[in-house]
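Numbers here simply count residues along the sequence, with the first being 1.
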Amino acid sequence: MKNNRRNFIKWSGLSGFGIGLAPSFVLKAKAEEPSLAHIAEGEANKPPHRLPTMIQDYYIKKVRKISKKHSDRIYGLKTKKEALEYQAEIKNKIKDCLGPFPEKNPLNPVITGRLEREAYTVEKVIFESRPSFKVTANLYIPKNNGQPMPAVLGTCGHAREAKSSAYQYFAQSLARKGYVVLIIDCVGQGERLQYPTPGRKSAIKWGVTEHIYAGNPTTLVGDSMAGWFVWDAIRGIDYLTSRPEVDPRHIGVTGNSGGGTQTTWLCGLEPRLTMAAPSCFVTTIRRNLENQEVQDAEQYVLKGLAKDLDHFDFIATMAPKPVMLITQEKDFFDTRGTQETFEMLQHFYKLLGAEENIQLFRGEDYHGYHQPAREAMYGFFNQVTKISNDGKEPDFELEKDEDLWCTPEGQLSKSESLTIPEILKNKSIEIGKKRGKVSASNLKKALVEVLCLPEKFEVPDYRIYRGRKETLFPRPYVTDMFVETEPGIHNAVYRLTEENIYSRPHGSPKKAILYVSHLEMDDELINDEKIRGILSDHADQAIYTCDLRGIGQTQPNTHVSYSIPYNREYFYGMLSNMMDEPLIGKRTYDLLCILNWLEKIDHTEITILGNGWGCQPATFASVLNKNVKKVILKNALSSYSDIAESTFYNWPVSAFPMNVLHHFDLPDCYRELERKNLEILGFWGAEADQDKK
């Protein structure tokens with residue numbers, strides 16, 4: 001909210017009424033504004049923010065229930081037969097969550113250079129994990145007598161130079177011990193920036209931000225960044241097994257942090273693996289949520305919680321093959337969760353007669369693949385392969401970054417490789433052609449399916465707070481209510497009137513207008529002249545306004561440290577996608593419940609006014625609810641395909657229904673709403689800053 005003069009006066013007035021001072025205090029404050037400059041930020045000059053922990057508490061309760069159900073089932077397994085049946089079940093669930101994967105195309109590998117070292121050779125390799133989508137990698141090949149050797153895929157965490165960073169330590173060390181090692185750049189790092197600008201920089205920001213920014217819109221076509229990352233790793237295994245130097249009987253994978261993520265997901269999908277060592281990632285989803293540990297897009301397995309999957313399951317899928325979990329005592333990935341997962345895995349491996357094949361190494365350091373952890377991994381892999389008895393890491397120098405580049409400038413050019421935005425654009429266009437025009441009946445079915453809406457919408461209970469006077473609102477008195485649409489979820493609703501009403505609202509007149517806010521109704525009721533004007537023009541109607549869950553009065557105060565757009569919307573948007581309950585669907589559900597509530601109190605002709613982010617639930621609810629007679633949308637998203645087909649966008653992932661473009665697009669909804677006197681006051685495109693006709 002802007003801290004301008006009238007907002008300062010307005011929220012000073014709110015504070016006065018809140019502590020029972022007379023209205024004359026407000027008038028005095030208005031006349032003597034300079035004397036009020038001492039009022040502290042965050043006290044008198046801010047709108048109500050009554051339930052800042054509601055969203056976090058809601059999800060903690062749900063995830064704890066899922067977590068308990070999950071652990072009870074694991075410890076309830078009593079026989080090898082039951083363990084194998086469970087394993088077969090989760091293999092299919094993991095494929096459903098991380099897929100669908102494309103057909104395997106020719107890798108078309110190219111070796112762009114070699115480094116000859118005393119104990120090994122490094123080949124600079126580029127291969128295609130998807131058609132024209134290239135992966136840069138270094139292949140370390142020991143110099144031996146020509147016999148096939150065990151191989152390890154190295155997956156990188158968040159280091160700008162990826163394969164040529166400190167991850168060289170384990171690549172060089174394993175090569176000196178007789179392992180062929182392929183270490184790959186992941187997207188957004190190394191030579192694989194997806195938004196490259198001159199000077200090997202990113203228009204977005206390398207690493208975390210690129211992963212999230214490129215990953216969010218993939219949900220619109222039914223993909224996920226986790227799937228993209230793991231597919232690159234699968235194709236890395238394809239490349240390793242294509243090499244004559246590799247013994248396919250021994251293929252391992254290891255990586256730290258984001259590399260630990262890729263290692264973990266690969267365990268759940270790749271049957272050719274014979275050993276694995278994920279470092280500084282495996283914990284439990286519950287611990288991550290409770291600790292407010294936001295993660296990258298590739299670290300969220302969409303629909304995973306809905307299928308009762310946790311980190312445990314990806315490792316259990318690989319059982320009874322040898323796996324070592326590596327954790328650090330001082331890591332932000334909670335080592336308590338690592339311990340809990342390890343103990344469940346011990347139980348599971350014991351049922352399969354291989355308890356010795358699951359091991360845990362806990363270091364005393366902070367987050368990172370420190371030397372003691374790397375040496376634990378060397379010894380563990382040596383136990384499996386018998387290739388070496390040497391578990392120590394020798395002293396050596398790392399190669400310079402540019403000496404390990406596969407490309408001349410250290411970045412795949414646009415002419416050399418497609419990017420994720422380009423591939424997503426092509427896929428969206430193809431899907432749109434197949435989808436065609438959606439009929440009214442199919443649209444309603446698709447809305448229910450994509451938004452995961454129930455068949456019925458309850459008439460909710462609600463709280464009524466003390467009424468107050470707000471002279472800068474379109475009507476001066478506010479009945480301040482919270483409508484409970486499901487246990488633990490309360491949506492802030494105002495009724496604006498010409499007289500003070502402390503008690504329940506009544507349905508006179510029959511007509512009502514309901515405003516669905518963009519970010520915060522209090523701010524918009526004062527500062528958005530267009531919204532104020534529309535509400536004032538409906539003088540013959542009852543006026544209601546609402547902040548749906550997580551907006552305005554219930555905006556979470558969760559601390560999200562990453563500098564990502566709409567960080568809390570991202571955190572809870574991805575979490576809700578893991579539950580297969582998209583946040584945009586839950587907000588639409590809230591709005592449908594509020595509409596049923598208005599009908600219950602005899603408002604039977606509703607005009608919905610949506611603004612910005614509020615336009616999408618307003619649109620969906622208006623298509624589905626019979627009592628909505630008119631729809632007005634200000635700054636409505638033009639289409640989901642606009643986002644999927646644009647390189648840059650400025651919308652949160654919480655606004656993206658998963659897989660929506662296979663079913664419908666927003667213009668299908670707008671066409672259906674023409675019969676409800678739809679009025680659109682400007683479109684926002686992908687970048688949300690320009691109108692389109």
Side-chain angles (χ1 to χ4, degrees), residues 107 109-127 135-157 159 161-185 190-191 233 236-256 259 263 272-277 279 369 371 373-407 410:
L107 290 168
V110 176
I111 298 170
T112 64
R114 288 181 175 84
L115 299 177
E116 293 293 340
R117 298 295 180 257
E118 181 181 354
Y120 55 86
T121 300
V122 182
E123 292 186 351
K124 307 173 188 181
V125 180
I126 302 176
F127 63 87
V135 177
T136 45
N138 292 151
L139 183 69
Y140 292 73
I141 307 170
K143 293 180 177 179
N144 68 356
N145 58 6
Q147 296 297 313
M149 296 165 282
V152 174
L153 177 71
T155 53
C156 295
E161 298 303 333
K163 67 182 182 307
S164 60
S165 69
Y167 292 109
Q168 289 183 59
Y169 277 117
F170 72 69
Q172 284 198 35
S173 294
L174 285 168
R176 293 168 190 271
K177 299 179 194 309
Y179 294 84
V180 178
V181 181
L182 181 71
I183 185 165
I184 62 176
D185 286 333
E191 301 178 77
I237 299 292
D238 288 342
Y239 181 69
L240 276 173
T241 56
S242 74
R243 296 291 301 231
E245 300 93 341
V246 170
D247 180 356
R249 296 175 302 170
H250 293 298
I251 304 237
V253 61
T254 191
N256 181 75
T263 298
R272 293 172 293 182
L273 288 178
T274 59
M275 55 189 179
S279 173
Y369 214 160
Q371 184 171 340
R374 296 195 300 268
E375 291 182 339
M377 176 266 290
Y378 305 148
F380 182 68
F381 283 179
N382 286 343
Q383 291 174 24
V384 178
T385 64
K386 313 300 183 187
I387 191 72
S388 171
N389 294 320
D390 180 12
K392 296 297 182 181
E393 184 172 281
D395 293 330
F396 53 79
E397 291 186 5
L398 300 182
E399 304 284 353
K400 294 179 181 179
D401 298 333
E402 55 269 28
D403 289 342
L404 292 171
W405 288 349
C406 302
T407 59

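For the atom pair OG1 of T136 and CD1 of I183, the computed distance is 11.0 Å after rounding to the nearest 0.5 Å. To the nearest 0.5 Å, atoms CG (D238) and CG (L182) are separated by 11.0 Å. One distance of note links CG of L153 with CD1 of I237; it measures 4.5 Å at 0.5 Å rounding. Atom CG of L115 is separated from atom CG of N138 by 7.5 Å, given to the nearest 0.5 angstrom. If you take CD1 on I387 and NE2 on H250, they are separated by 8.0 Å, rounding to the nearest 0.5 Å. Y140 OH to L174 CG: the interatomic distance, rounded to the nearest 0.5 Å, is 10.5 Å.
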Evaluate the criterion side-chain contact (heavy atoms from CB on, under 4.5 Å) for residue pair L139 and I111; output intermediate values, then yes/no.
-> CA-CA 10 Å; L139 183 69; I111 298 170; over 6 Å; no

From CA spacing to verdict: side-chain contact (heavy atoms from CB on, under 4.5 Å), F170, N256 | CA-CA 11 Å; F170 72 69; N256 181 75; over 6 Å; no

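Side chain of T263 to main chain of G255: a donor-acceptor pair is present (N/O by atom type, distance under 3.5 Å, no hydrogens or angles). Judged by distance alone, with hydrogens and angles left aside, the side-chain atoms of Y369 form no donor-acceptor pair with the main-chain N or O of Y169 at under 3.5 Å. Under a 3.5 Å cut-off, the side chain of T254 and the backbone N or O of A277 do form a donor-acceptor pair.
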Per-pair distances, 0.1 Å, donor-acceptor, side chain in residues 395-402, under 3.5 Å, sequence neighbours excluded:
{"residue": "E399", "atom": "OE1", "partner": "R117", "partner atom": "NH2", "Å": "2.9"}
{"residue": "E399", "atom": "OE2", "partner": "R117", "partner atom": "NE", "Å": "2.7"}
{"residue": "E399", "atom": "OE2", "partner": "R117", "partner atom": "NH2", "Å": "3.4"}

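The shortest heavy-atom contact between G259 and T155 is O-OG1, 2.7 Å. Nearest heavy atoms, T407 versus G410: OG1-N, 3.1 Å. Looking at every heavy atom in both residues, A137 comes nearest to I184 through CB-CG2, 3.7 Å. The heavy-atom pair separating P142 from Y120 by the smallest distance is CA-CB, 3.9 Å. Between A162 and C156, the shortest heavy-atom distance links the atoms C-SG, 3.6 Å. Between S388 and K177, the shortest heavy-atom distance links the atoms CB-O, 3.6 Å.
Residues forming a salt bridge (Lys or Arg N to Asp or Glu O under 4.0 Å) with D403 (at least two apart in sequence, or on another chain): none. For K163, the salt bridge (Lys or Arg N to Asp or Glu O under 4.0 Å) partners at least two apart in sequence or on another chain are D185, E191. Checked against salt bridge (Lys or Arg N to Asp or Glu O under 4.0 Å), E375 has no partners two or more places apart in sequence or in another chain. Taking the salt bridge (Lys or Arg N to Asp or Glu O under 4.0 Å) definition, one finds that R114 meets it with E123, sequence neighbours left out.
Pairs of residues two or more places apart, or lying in two chains, that qualify as salt bridge (charged side-chain N to carboxylate O under 4.0 Å, His left out) and include a residue from residues 135-151 are E116-K143.
Inspection of the E161 and Y167 side chains reveals no N or O donor paired with an N or O acceptor under 3.5 Å.
By the 30° and 60° cut-offs, the orientation of the rings of Y239 relative to F127 is parallel.
A 4.5 Å side-chain heavy-atom check between R243 and V180 finds every atom pair outside the cut-off. Using a 4.5 Å cut-off on side-chain heavy atoms (C-beta onward), P394 and R176 make contact.
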